[in-house]
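Read the numbers this way: they start at 1 and go in the same order the structure lists the ligands and their atoms. Each residue takes its place number in the sequence, starting with 1.
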Amino acid sequence: MATGTALVTGATAGIGAAFADRLAAEGHDVVLVARDQGRLRAAAHELRGRYNVLVDVLPADLSTEEGQAAVAARLADPDRPVEVLVNNAGFSLNTSFLRSTVDDEERLLRLNVNAVMRLTHAALGGMTSRRRGAIINVSSVAGFGVAMPGSTYPASKAWVTSFTESVAMSAARFDVRLMALCPGYTRTGYHERAGVDMSRLPGWLWLDSDELVRDALRDLRRGKVVSVPDWKYKIVAFSLRHLPRRMIRMGARDTRGA
Ligand SMILES: NC(=O)c1ccc[n+]([C@@H]2O[C@H](COP(=O)([O-])OP(=O)(O)OC[C@H]3O[C@@H](n4cnc5c(N)ncnc54)[C@H](OP(=O)(O)O)[C@@H]3O)[C@@H](O)[C@H]2O)c1
């Protein structure tokens, strides 16, 4: 993967911060996108101190029309080409669909689905004409199955994986790579923010975000279109893809979407 500018959404915490760090370490200039300006400035300061690269910040709420438009405009700017896009920002609701509000469900879809589609579209114009570039869409192993509570979350991630696989076929003709990254449970602030108690999850099931990102970038270089990191989640993904749906629904009665 050539160096050039990388834009990472949700770059101030968890998996997105690990992507920004790794890409900067590999020599990419980086554009960090998230909502909280203070955290963006702090993350940029840290990366500039650690690596000899340019770090830019772009505050945007990607669940809004204005936020999506601002980041899409940056991605489509021919004077500042972006070589690598990581659509990472996403969240889940820790509420049964029967108890959540339509506003919250729509906010989730705008971030997890609409922003991914729009930013992928904005980035692809320049990438295909330059015949160079890569897009990683952070999905989830939950997208292969069903999960309770939070029904819209696994559905949104099923969309991300399917969408990425489809667009990857069209983009390959222009030497542009797309990859859906489908992690399992990864230690970040994500579950705490969603109000999910994960204290009962055995330690060995947790993934480390730095290792996850290292393996994801290796899979991208190898030309994988769907990357499921770590052997245990490869088994989970294989099972979810091949077991009868009735068995999957029984197993999902009290799962927390990864
Ligand atoms: N952690 C897991 O176990 C796990 C497993 C499978 C898949 N995933 C997926 O991996 C991705 C990253 O998860 P994570 O655990 O690293 O999350 P996280 O620790 O909660 O970090 C989320 C990042 O996204 C930003 N963000 C949140 N809402 C945003 C919005 N509306 N617009 C722009 N930026 C926004 C946050 O910054 P601000 O709050 O400042 O905006 C933060 O930088 C998500 O797509 C998630 O679904 C996570």
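- In this structure, Ser209 falls outside the shell of residues with a heavy atom less than 4.0 angstrom from ligand 1.
- The residue among Met198, Arg35, Arg110 with a heavy atom at the shortest distance from atom 27 (C) of ligand 1 is Arg35.
- Under 4.0 angstrom from ligand 1, the non-hydrogen atoms of Ser139 all belong to its backbone.
- Of the candidates Gly10, Cys182, Ser156, Gly10 brings a heavy atom nearest to atom 24 (O) of ligand 1.
- The aromatic rings of Trp159 and Phe163 sit parallel to each other, their planes meeting at less than 30°, with 60° as the upper class boundary.
- Side-chain atoms of Phe238 and Phe144, non-hydrogen and from C-beta on, never get closer than 4.5 Å to each other.
- The distance from ligand 1 to the heavy atoms of Ala11 drops below 4.0 Å at these ligand atoms: 43 (O).
- Ligand 1 places these atoms under 4.0 Å from at least one heavy atom of Arg39: 37 (O), 38 (P), 39 (O), 40 (O).
- A salt bridge links Asp104 with Arg107: at least one charged nitrogen is closer than 4.0 Å to a carboxylate oxygen.
- Checked by distance only, ligand 1 and Lys157 come closer than 3.5 Å through their nitrogen or oxygen atoms.
- For the pair Ile15 and ligand 1, the shortest N or O to N or O distance falls below 3.5 Å.
- Across Cys182 and Thr161, no two heavy atoms sit closer than the pair SG-OG1, 3.7 Å.
- Distances below 4.0 Å separate heavy atoms of Gly189 from the following atoms of ligand 1: 19 (O).
- Under the 4.0 angstrom criterion for non-hydrogen atoms, Arg187 is not in contact with ligand 1.
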Side chain to side chain contact (heavy atoms under 4.5 Å, CB included) evaluation trace for Leu178 with Leu124: CA-CA 10 Å; Leu178 274 87; Leu124 274 177; 4.2 Å; yes

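- Distances below 4.0 Å separate heavy atoms of Ala60 from the following atoms of ligand 1: 32 (N), 33 (C).
- When only interatomic distances are considered, the shortest N/O to N/O separation between Ser140 and ligand 1 does not fall below 3.5 Å.
- Here Ala115 has no heavy atoms under 4.0 Å from ligand 1, in either its backbone or its side chain.
- At least one heavy atom of Val138 sits closer than 4.0 Å to an atom of ligand 1.
- Taken to the nearest 0.5 Å, the CG atom of Asp197 stands 11.0 Å off from the NE2 atom of His191.
- Glu211 has no carboxylate O lying under 4.0 Å from a charged side-chain N of Arg187, or vice versa, which leaves the two without a salt bridge.
- Taking a cut-off of under 4.0 Å to the non-hydrogen atoms of Thr12, the atoms of ligand 1 that pass are 37 (O), 42 (C), 43 (O).
- Rounding to the nearest 0.5 Å places CG of Leu181 at 10.0 Å from CG of Leu220.
- No side-chain heavy atom of Tyr153 sits under 4.5 Å from any side-chain heavy atom of Leu93.
- Close contacts between ligand 1 and Gly14 involve ligand atoms 16 (O), 19 (O) [criterion: under 4.0 Å to a heavy atom].
- Side chain to side chain, Asp103 and Thr101 fail the donor-acceptor criterion of an N or O pair below 3.5 Å.
- Within the listing of ligand 1, atoms 40 (O) sit less than 4.0 angstrom from a heavy atom of Asp36.
- Here atom 46 (C) of ligand 1 lies nearest to Tyr153 when heavy atoms of Tyr153, Tyr185, Phe91 are compared.
- Looking at Ala142 against ligand 1, nothing comes within 4.0 Å, counting heavy atoms.
- The environment of Arg131 atom CZ is dense: over 12 non-hydrogen atoms of other residues, nucleotides or ligands sit within 6.0 angstrom.
- Remark: ligand 1 and Asp61 share an N or O pair separated by less than 3.5 Å (distance only, no angle test).
- No hydrogens or angles considered: nothing links the side chains of Ser227 and Asp215 as a donor-acceptor pair under 3.5 Å.
- The shortest N or O to N or O distance between Leu62 and ligand 1 is below 3.5 Å.
- Just one residue in the list Ile135, Val225, Asp219 forms a side-chain contact (heavy atoms from CB on, under 4.5 Å) with Met179, and that residue is Asp219.
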